Number of protein chains: 2
Amino acid sequence: MTDAQTRTRTPRPSRAERREEILSAATRVFGSKGYHASSLVDVAEQVGITHAGVLHHFGSKDKLLLAVLEYRHRIDIEHLEGKPGGLDLFRHLVNLNIERRGIVQAYAVLTGESVTDGHPAAPWVRNRFATLRADIAQALREIVDAEVAAAREAGEDAEPVGIGDAELDRAASAVIGAMDGLQVQWLLDPAAVDLAETTAFAIEAILAATLAGARRPRPLD
Amino acid sequence: MTDAQTRTRTPRPSRAERREEILSAATRVFGSKGYHASSLVDVAEQVGITHAGVLHHFGSKDKLLLAVLEYRHRIDIEHLEGKPGGLDLFRHLVNLNIERRGIVQAYAVLTGESVTDGHPAAPWVRNRFATLRADIAQALREIVDAEVAAAREAGEDAEPVGIGDAELDRAASAVIGAMDGLQVQWLLDPAAVDLAETTAFAIEAILAATLAGARRPRPLD
DNA sequence: CCACACATACTTACCGGTTAGTAAGGGCCA
DNA sequence: TGGCCCTTACTAACCGGTAAGTATGTGTGG
C-alpha cells in the first residue's frame, strides 16, 4: 500500500499461476513414477507447499490427474497451431516425441497404467486414441488420394480402386501402435532403439503397404 | 487317529502346487490392477490364505513379481516347444495373444509400469525385449535370405545387396512395438481395433519394407 | 505298529510407515 | 475487515513385513 512495488515485488502466485505450477509438477511426478505410485506429498513438495494445499486447488488426486491430462492436451495443441495434414502430421508426430523424454515417459506410463481395471485415466486415454486414430486416418486419406490421383494422371494401368475407411483405420491404429510400442522400448533401453529412425521406418512401411493396397485389390494371404 | 481318513481326506496342497496357485492368482491380480496397486492381501484371499502365508512362500512382494514373470515365461516357452523360425514365429506371436485377454493385459500393464523409475520388473522386461528383438531379427534374417536367394536364382536384375544387422534390428523393434502398442489400444477399446488383423497387417508391412530394403540400396527419404 | 522328533504351512497379532482426505485456524492482501 | 491461500493437525484406512504360536504333516527308532 505504501509503495507501488508490492504489485510486482513478491508476486504471490495467482490462483491460475499456482495451478499451473502444480500441474507442471504433477506431470513430472506422475510421468516418472506412475499415478498409483505417486503421492500428493511428492507433488506438493515440488511446488513448496503441503499436500493439503494441492487438495485445496484440485479437490482430489483423481481430479488432479484429469487436470494434468487436459493440461498436457492443451499444451500439445497449442504447440500444434494450425493442424498439419498429410505427411506433415507424421513428421510432426515423429519430432514431437524426441523433444523431451519426460513427456514421452508420462504418456507411456499413464497409457500403460490406464488399462488396469477402473483406472481414472482410462476414459481420457480411450478418447485420445479415438481422436488420434481419426486424425491419422484423415491424413492417410489425403496422402492416398493424392497418390492415386497422380498415378491415374500418369496413365498407369493399375486400377486405382481407392481404399476403404476400414483399411485406413487399420493403418492408423498400426501407426499409433508402432509409435507407442517403440517409445516403451526406447524408454527402457535408449541405447537399443533409435526412436526417431525406427518410428519413421515403421510409419513409412505402413504407409507403403497402405498405398500398395490402394492399387492392388489385395496384397497377399 | 481313530480312522485312516485323515491321511488322504483333505490333501493339503504340496509346496509346488500351492506355489502355482499363488502364482496364478498373482498373475491375475497384477494383470488386472498393476503391481503397485495390487496388495498381497488381494493375492492371498484368492488362494484362501492370509497375506502372511503368501510371504511364507515368496519372501517379499518383489520376489513374487519376479516369480510371476518367470512363471509366465516358462509357460510361454512350454507352449512354444520347438522354437519356430521364419514366418512361423510371426504366426505364433499373433495367435498367442488372441488366446487370452488376461495374459495380454498382464504383459501390457507390467510392461507399461516398468518404465517408471526403479521399478522391480524393469530389468526383466528390458531383458525380455532384448531376447525378443534378437529372435525376431533372426527370423527376419531367414526370411530375407530365402527371398534374396530365390530372387537371385530367378535371375532378377536387382542387386541382392542383402541387408545389415542394424536394419534387421530396426525392423524387429518395429514389429515388437506395433504388437505391444496395438495390444494397449485393443485392451482399452476392443471394438475399435481388430487385434489379429491389424497386427498381421503391421507385421506384413514391416516385412515388405524390409524385403524392399534388401533389394534396393535405399527406399526413400 | 506306534511314539516321538522334527519340518513344513499357515494364522494371528502387531509394527512402523504412508496414503488420501478433512477440519480448523492463521496470515496476507485488497 | 473480509476473503482467499495455505498450514497444521488429525483421522481412518491400508500397506509390506516380522514374530510367534499352532496345526498338520512326515520321517525314524523301538
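Proteins get letters first, then strands, A, B, ... in listed order; numbering begins at 1 in each. On a predicted model such as this, the values are computed, not experimentally measured, just so you know.
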Discussion item. What residues from residues 117-125 of chain B pass a heavy-atom cutoff of under 4.0 Å to DNA chain C?
Written reply: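 Correct list: empty, so none.
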Worksheet entry | Spacing of B:Leu140 atom CG and B:Asp135 atom CG [to the nearest 0.5 Å] |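 It is 11.0 Å, given to the nearest 0.5 Å.
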Discussion item. Can you pull out the residues from residues 35-46 of chain B that lie within a 4.0 Å heavy-atom distance of DNA chain D?
Written reply: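 Residues of residues 35-46 of chain B that come under 4.0 Å of DNA chain D are, in numerical order, B:Ser38, B:Ser39, B:Leu40.
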Worksheet item: Contacts to DNA chain D from residues 49-66 of chain A, heavy-atom cutoff under 4.0 Å, which residues?
Response: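 DNA chain D contact set from residues 49-66 of chain A: A:Ile49, A:Thr50, A:Ala52, A:Gly53, A:His56, A:His57.
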Discussion item. Does the structure place the NZ or CZ of A:Arg72 under 6.0 Å from the centre of the six-membered ring of A:Phe30, at an angle of no more than 45° from the ring's axis?
Written reply: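 Verdict for A:Phe30: no cation-pi partner in A:Arg72.
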Worksheet item: Could B:Arg19 and B:Tyr71 be counted as a cation-pi pair, given that NZ or CZ must be under 6.0 Å from the ring centre and within 45° of the axis?
Response: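 The answer is no, since B:Arg19 fails at least one limit relative to B:Tyr71.
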Practice prompt. Go through A:Tyr35 and A:His119 one step at a time and tell me if the ring-ring contact (aromatic ring centres under 6.0 Å, His included) criterion holds.
Written response: CA-CA 10 Å; A:Tyr35 173 72; A:His119 196 281; 5.6 Å; yes
Worksheet item: When the distance from CZ of A:Arg19 to P of D:dC4 is rounded to whole Å, what number comes out?
Response: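 So the two atoms are 15 Å apart, to the nearest Å.
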Item to complete: Grab the CZ-P distance between A:Arg15 and D:dC5 for me, whole Å please.
Response: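 Atom-to-atom, A:Arg15 to D:dC5, this comes out as 5 Å.
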Practice prompt. Quick one: list whatever passes salt bridge (Lys or Arg N to Asp or Glu O under 4.0 Å) with A:Glu197, sequence neighbours left out.
Written response: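 With sequence neighbours excluded, A:Glu197 shows a salt bridge (Lys or Arg N to Asp or Glu O under 4.0 Å) to no residue whatsoever.
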Worksheet item: For B:Asp117, what residues pass the salt bridge (Lys or Arg N to Asp or Glu O under 4.0 Å) criterion, not counting sequence neighbours?
Response: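 With sequence neighbours excluded, B:Asp117 shows a salt bridge (Lys or Arg N to Asp or Glu O under 4.0 Å) to no residue whatsoever.
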Worksheet item: Between C:dC10 and B:Arg18, is there an OP1 or OP2 to side-chain N/O distance shorter than 4.0 Å?
Response: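 Affirmative; the distance criterion is met.
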Worksheet item: Do B:Arg101 side-chain atoms and B:Leu187 backbone N/O form a donor-acceptor pair below 3.5 Å?
Response: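 The answer is yes, because a donor-acceptor pair under 3.5 Å joins these two groups.
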Practice prompt. Report yes or no: does A:Ser32 contribute a side-chain atom to a donor-acceptor pair with the main-chain N or O of A:Val29 at less than 3.5 Å?
Written response: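 Here the side-chain-to-backbone pair exists.
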Practice prompt. List the atom of A:Val115, the atom of B:Gln105, and the distance in Å for their closest heavy-atom pair.
Written response: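 Answer, listing the atom of A:Val115 first, then B:Gln105: O-NE2, 2.9 Å.
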Item to complete: Could you list the residues that satisfy side-chain contact (heavy atoms from CB on, under 4.5 Å) with B:Ser39, not counting sequence neighbours?
Response: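 With neighbours one apart ignored, the set is B:Val41, B:Asp42.
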